[in-house]
Amino acid sequence: AKEEGKGTYVVYDKSMHTPFNERMNIEKHLRSAMNNNEFELHYQPQVDIKTGLISGFEALIRWNSPVLGFVSPLSFIKIAEDSRLIIYIGEWVLREACSFMRSIHDRTGLLHKISVNISIIQLLQEDFVEMVLESLEDSGLEPSCLELEITESIFMESFENTVSKLEFLKSRGIRIALDDFGTGYSSLSYLQHLPISTLKMDKIFIDSLADDAYSQTFVQTIIVLGHKMGLEVVAEGVEDVSQLAFLNESDCDKVQGYLVSKPVPQRGVWELLEHQNFY
Ligand code: C2E
Ligand code: CA
Ligand code: CA
Ligand code: CA
């Protein structure tokens with residue numbers, strides 16, 4: 001399926017390679033997708049490397065268009081950003097993810113976290129902070145159970161403004177993760193000016209662990225540095241046990257990837273949580 005195998009390690013933007021009329025066509029259908037309930041969230045577990053237990057999930061959007069079929073977020077998120085539709089789509093994602101996580105808390109009594117991808121376009125909205133607080137309040141989810149995933153692209157747009165919004169949200173107990181870490185333009189010294197709680201090491205480094213001494217050193221250095229700064233370190237795109245073993249020896253906190261599970265729909269989340277109760 002188109003869904004699989006398009007790793008996060010695609011550093012360039014896939015939509016740059018989407019021809020103009022295809023972009024127009026996607027944008028046209030995106031406009032009605034929201035009202036027609038064509039979006040769904042899938043959830044990928046994050047596992048605590050020491051205990052082997054699920055600590056939370058990342059929400060990932062899925063779009064099944066009756067006309068276009070399944071469209072990968074790698075193709076439509078950029079188009080949703082350029083057309084500003086991401087403001088509405090992103091709010092729907094946040095609300096849906098928070099209320100689903102609240103229903104898990106109610107049923108399991110365990111405080112799993114939910115990580116939600118946030119576009120820079122959303123962050124630049126004047127009412128972004130209010131929108132997040134309202135989504136939390138309406139869902140009844142604990143602020144400490146919500147993590148917002150941002151990328152290094154925030155370095156390119158009104159940095160002060162976005163950082164102060166993130167600082168405020170963090171002061172309310174919401175967690176902030178720096179996604180795709182290592183692939184962007186930021187220098188390490190910027191890290192200390194960002195109100196983040198979590199570093200997500202990009203899949204590209206995990207992929208090359210097996211045959212690249214540089215990646216091994218990079219990963220180990222990031223883990224040590226992250227811990228020195230009081231951050232949690234998550235490895236993305238973990239696909240095999242040798243990667244897991246290396247990350248465990250290197251004292252990484254959490255892993256996410258096909259080795260544990262692909263992103264699954266709501267029903268799959270319940271199954272994963274049930275299965276986990278067996279050990
Ligand atoms: P991301 O935030 O880096 O998400 C991780 C991507 O890697 C997901 O792709 C996930 O399915 C995939 N992945 C996870 N583990 C593995 C693995 O072990 N191997 C491989 N090959 N892939 C793995 P997905 O769901 O196609 O999403 C792609 C990107 O689209 C995301 O990258 C994120 O940047 C964006 N995206 C997805 N959902 C949303 C959303 O709700 N809002 C926004 N703004 N962006 C989203
Ligand atoms: Ca990515
Ligand atoms: Ca992410
Ligand atoms: Ca990522």
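Both ligands and their constituent atoms are indexed starting at 1 by order of listing. These numbers come from the heavy atoms of this one structure, side chains and all, not from hydrogens, waters or symmetry mates.
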- Query: Going by the order shown, which atoms of ligand 1 are within less than 4.0 Å of some heavy atom of Pro263?
  - Reply: 11 (O)
- Task: Identify, by atom number and element, the atoms of ligand 1 in contact range of Leu74, meaning under 4.0 Å from any of its heavy atoms.
- Result: 28 (C), 29 (C)
- Task: Tell me which part of Lys262 gets within contact of ligand 1: side chain, backbone, both or neither, using heavy atoms under 4.0 Å.
- Result: neither
- Message: Under 4.0 Å between a side-chain nitrogen and a carboxylate oxygen: does that hold for Arg175 and Glu232?
- Response: yes
- State plainly whether the residues Lys200 and Asp180 are in salt-bridge range, i.e. N to O under 4.0 Å. no
- Query: Nearest heavy atom to atom 27 (O) of ligand 1: which of Gly90, Pro73, Ala177, Ser75 does it belong to?
  - Reply: Pro73
- Message: I want to know if ligand 1 touches Gln256 in the polar sense, i.e. an N/O pair below 3.5 angstrom.
- Response: no
- Task: Would you mind running through ligand 1 and noting each atom that sits below 4.0 Å from a heavy atom of Gln44?
- Result: 14 (C), 15 (N)
- Assess whether atom CE of Met24 is packed by more than 12 heavy atoms of other residues, nucleotides or ligands within 6.0 Å. no
- Which word best sums up how the rings of Phe100 and Tyr43 line up, parallel for under 30°, tilted for 30 to 60°, or perpendicular for over 60°? tilted
- Does Lys200 have a heavy atom less than 4.0 Å from any atom of ligand 1? no
- Task: Report yes if Ile61 has an N/O atom closer than 3.5 Å to an N/O atom of ligand 1; otherwise report no.
- Result: yes
- Taking the six-membered ring for Trp, are Phe76 and Trp63 parallel (under 30°), tilted (30 to 60°) or perpendicular (over 60°)? perpendicular
- Query: Going hydrophobic residue to hydrophobic residue with side-chain gaps under 4.5 angstrom, can you get from Val234 over to Ile54?
  - Reply: no
- Task: Answer with yes or no whether the side chains of Gln44 and Gln256 bring together a donor and an acceptor at under 3.5 Å.
- Result: yes
- Message: Looking at Phe168, I'd like to know if the NZ or CZ of Lys165 sits under 6.0 Å from its six-membered ring centre while staying within 45 degrees of the ring's axis.
- Response: no
- Kindly confirm or rule out an N or O of Asn117 lying under 3.5 angstrom from an N or O of ligand 1. yes
- Item | Glu236 neighbourhood, listing ligand 1 atoms whose heavy-atom distance to it stays under 4.0 Å | 3 (O)
- Message: A quick test of your reading: do over 12 heavy atoms of other residues, nucleotides or ligands sit less than 6.0 Å from NZ of Lys28?
- Response: no
- Task: Could you check which N/O/S atom of Glu149 is closest to the Ca ion (ligand 3)?
- Result: OE1
- What closest approach, in Å, do Glu81 and Ile121 show between heavy atoms, and which atom pair accounts for it? CB-CG1, 3.9 Å
- Item | Identity of the N, O or S atom of Asp180 lying closest to the Ca ion (ligand 4) | OD1
- Would you say ligand 1 has an N or O under 3.5 Å from any N or O of Asp179? yes
- Message: Does ligand 1 come near enough to Glu239 that some N or O of the ligand is less than 3.5 Å from an N or O of the residue?
- Response: yes
- Message: Checking one value in my table: which N/O/S atom of Asp179 lies closest to the Ca ion (ligand 3)?
- Response: OD2
- Message: So is Glu58 touching ligand 1 or not, going by heavy atoms under 4.0 Å?
- Response: yes
- Message: Within a 6.0 Å radius of atom CZ on Phe159, are there more than 12 heavy atoms belonging to other residues, nucleotides or ligands?
- Response: yes
- Atoms of ligand 1 under 4.0 Å from any heavy atom of Val93, numbered from 1 in the order shown, are 41 (O)
- By number and element, which atoms of ligand 1 are closer than 4.0 Å to a non-hydrogen atom of Gly257? 15 (N), 18 (O)
- For the Ca ion (ligand 3), does an N/O/S atom of Asn117 lie at less than 3.0 Å? yes
- Message: Do Ser99 and Ser139 pair up side chain to side chain, a donor and an acceptor below 3.5 Å, judged on atom types alone?
- Response: no
- Task: Please identify which atoms of ligand 1 are closer than 4.0 Å to at least one heavy atom of Asp180.
- Result: 3 (O)
- Query: Name of the Glu58 N, O or S atom nearest the Ca ion (ligand 3)?
  - Reply: OE2
- Item | Test salt bridge (charged side-chain N to carboxylate O under 4.0 Å, His left out) applied to Glu27 and Arg31, step by step | CA-CA 6 Å; Glu27 183 179 328; Arg31 290 197 179 273; 2.9 Å; yes
- Within reach of ligand 1, part of Ile77 (heavy-atom separation under 4.0 Å): side chain
